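Throughout, numbering of the chain's residues begins at 1 and tracks the sequence. Hydrogens, waters and symmetry mates play no part in the numbers below; they use all other heavy atoms, side chains included. Being a predicted model, the structure only gives us computed values, none of them experimental.
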Amino acid sequence: MERTGKIRRAGWLMSLAACAACGCQTVRTPEEKIANSNIPTEFKKVAMPDYVVEPPDLILVEVLEALPGRPISGERLVRPDGKITLGFYGEVFVAGLTIPEIKEKIVLHLRKHLTDNVLGLYEEDPDTGKIKPIDPKESDRIFVDVTAYNSKNYYVLGDVGAPGKLPITGNETVLDALQYAGGLLPTAAPQNIRLVRPAPPGACCEQLLPVNLAAITSGGDPTTNYQLMPGDRVVVYRDPIVRTTIFIDRLAAPFQTVLNSILQTSFTIRSVDYAKLGVRGTAGAGATTQPTLLSQPGAR
């Protein structure tokens with residue numbers, strides 16, 4: 001009876017371990033609520049707000065007329081300190097600014113070296129002949145644009161072919177992200193995928209959006225094929241059976257190591273014993289086979 005009780009307790013412990021490994025991560029998709037919400041999806045995409053430059057973006061700065069031998073043209077890397085260099089003309093802090101704001105800041109910075117006429121900060125009215133000032137953002141002598149969007153990304157995590165960080169262009173969906181990440185691995189749980197959206201500044205909490213991959217791929221339902229935003233995390237969870245198997249393997253690994261050590265030690269001891277017996281047997285056989293003198297009549 002005592003032995004039966006121990007076996008039952010061991011069975012309960014194994015069951016609890018399996019439950020702990022599986023967890024409760026399966027999500028039921030509230031598709032009705034999502035369909036009636038304003039969450040951007042595949043056929044309800046929204047335009048992104050004005051792009052804010054941050055390290056390590058690349059921006060293009062061109063000035064039509066600069067000092068002789070001191071041109072301003074080409075791409076500029078936004079350094080970790082948030083600045084770009086204009087060579088001879090110094091540095092400008094651009095992190096956290098939009099393209100029009102960067103253009104205005106560069107124009108005002110270049111007024112130390114160039115005239116307002118070169119910078120296109122005024123024009124003459126052809127009717128009245130009066131000088132009309134121009135907003136630095138509207139100058140046609142300075143051109144600023146982003147050439148590489150490096151600071152805005154989304155992440156694909158979990159059981160996919162190539163998890164990691166991917167650049168965002170404003171048009172990607174969850175299905176695009178999974179394809180760019182190499183698709184699901186055989187160990188993945190297609191029914192257990194989430195989009196984790198961090199809370200924006202000033203908001204109370206993040207969003208956890210379930211993804212119904214079967215409906216997206218097999219049924220053509222775009223309800224949960226969300227449009228990705230900067231900072232989104234697409235998480236593909238592992239199949240519960242695989243997680244349970246790995247958990248049990250980890251529990252059994254120490255016992256397997258001890259058992260292997262015992263078997264190796266036992267094998268070594270037996271090998272030494274057999275080697276000693278072999279040496280003794282060889283010595284005894286040599287003693288019994290030593291040659292003797294002939295004792296037959298007539299032997300010489």
Side-chain angles (χ1 to χ4, degrees), residues 3-37 39-42 153-166 168 172-199 203-260:
R3 184 176 180 181
T4 304
K6 290 183 179 179
I7 294 175
R8 288 179 179 178
R9 286 196 294 271
W12 279 110
L13 290 175
M14 292 297 293
S15 301
L16 291 174
C19 293
C22 294
C24 300
Q25 295 178 341
T26 302
V27 179
R28 294 181 180 178
T29 306
E31 298 186 19
E32 296 79 7
K33 294 182 180 180
I34 295 175
N36 297 326
S37 68
I39 299 176
T41 57
E42 181 178 355
N153 305 280
Y154 65 91
Y155 305 86
V156 184
L157 309 172
D159 280 25
V160 293
K165 180 175 67 174
L166 294 170
I168 194 166
E172 293 86 0
T173 63
V174 170
L175 190 58
D176 295 326
L178 296 177
Q179 294 298 318
Y180 296 156
L184 303 186
L185 295 178
T187 56
Q191 75 282 0
N192 197 357
I193 303 175
R194 292 183 184 179
L195 172 64
V196 181
R197 179 160 292 167
C204 63
C205 54
E206 66 279 356
Q207 287 182 305
L208 300 178
L209 303 175
V211 177
N212 191 336
L213 186 61
I216 295 173
T217 56
S218 301
D221 183 5
T223 301
T224 60
N225 192 19
Y226 312 104
Q227 179 186 5
L228 296 182
M229 300 294 174
D232 280 355
R233 284 95 161 135
V234 179
V235 185
V236 179
Y237 290 95
R238 182 163 292 178
D239 187 90
I241 297 177
V242 178
R243 291 203 307 271
T244 304
T245 304
I246 294 175
F247 182 75
I248 294 175
D249 288 343
R250 289 179 178 176
L251 288 180
F255 301 100
Q256 291 178 352
T257 302
V258 173
L259 180 60
N260 290 335

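In this structure the side chain of Val174 reaches within 4.5 angstrom of the side chain of Val211, judged on heavy atoms. In this structure the side chain of Arg233 reaches within 4.5 angstrom of the side chain of Pro198, judged on heavy atoms. Looking only at side-chain heavy atoms (C-beta outward), Leu184 and Pro190 come within less than 4.5 Å of each other. Here the side chains of Thr224 and Thr41 are not in contact, with every heavy-atom distance at 4.5 Å or above. The side-chain heavy atoms of Leu228 and Ile168, taken from C-beta on, include a pair separated by under 4.5 Å. Side-chain contact check for Gln227 versus Glu172: every heavy-atom pair is 4.5 Å or farther apart. You'll find the side chain of Asn212 stays beyond 4.5 Å of the side chain of Thr223, heavy atoms only.
Interatomic distance, Ile241 CD1 to Ile246 CD1, rounded to the nearest 0.5 Å: 12.0 Å. Put simply, CG on Asn192 and CZ on Arg238 are 12.5 Å apart, with the number rounded to the nearest 0.5 Å. Expressed to the nearest 0.5 Å, how far CD of Gln191 lies from CG of Leu213 amounts to 10.0 Å. Considering CZ of Arg243 and OH of Tyr237, their distance stands at 9.5 Å, rounded to 0.5 Å.
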For side-chain contact (heavy atoms from CB on, under 4.5 Å), just list the numbers for Leu157 and Val234, CA-CA rounded to whole Å, side-chain angles, deciding distance to a tenth of an Å, and then say yes or no.
CA-CA 6 Å; Leu157 309 172; Val234 179; over 6 Å; no
Going through the checks in order, is the side-chain contact (heavy atoms from CB on, under 4.5 Å) test met by Val156 and Leu166?
CA-CA 8 Å; Val156 184; Leu166 294 170; 4.2 Å; yes
Given side-chain contact (heavy atoms from CB on, under 4.5 Å), test Asp221 with Ile216 step by step and report yes or no.
CA-CA 5 Å; Asp221 183 5; Ile216 295 173; 5.8 Å; no
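Checking side-chain atoms of Arg194 against main-chain N and O of Val236 turns up no donor-acceptor pair under 3.5 Å. Side-chain atoms of Asn260 come within 3.5 Å of backbone atoms of Gln256 as a donor-acceptor pair (strictly under, hydrogens ignored). Proximity of a side-chain donor or acceptor of Tyr226 to a complementary backbone N or O of Pro210 within less than 3.5 Å is detected.
Sorted by first and then second residue, the side chain to side chain donor-acceptor pair (under 3.5 Å) pairs with a member in residues 173-187 read Asp159-Thr187, Thr173-Asp176, Thr173-Asn225; sequence neighbours excluded.
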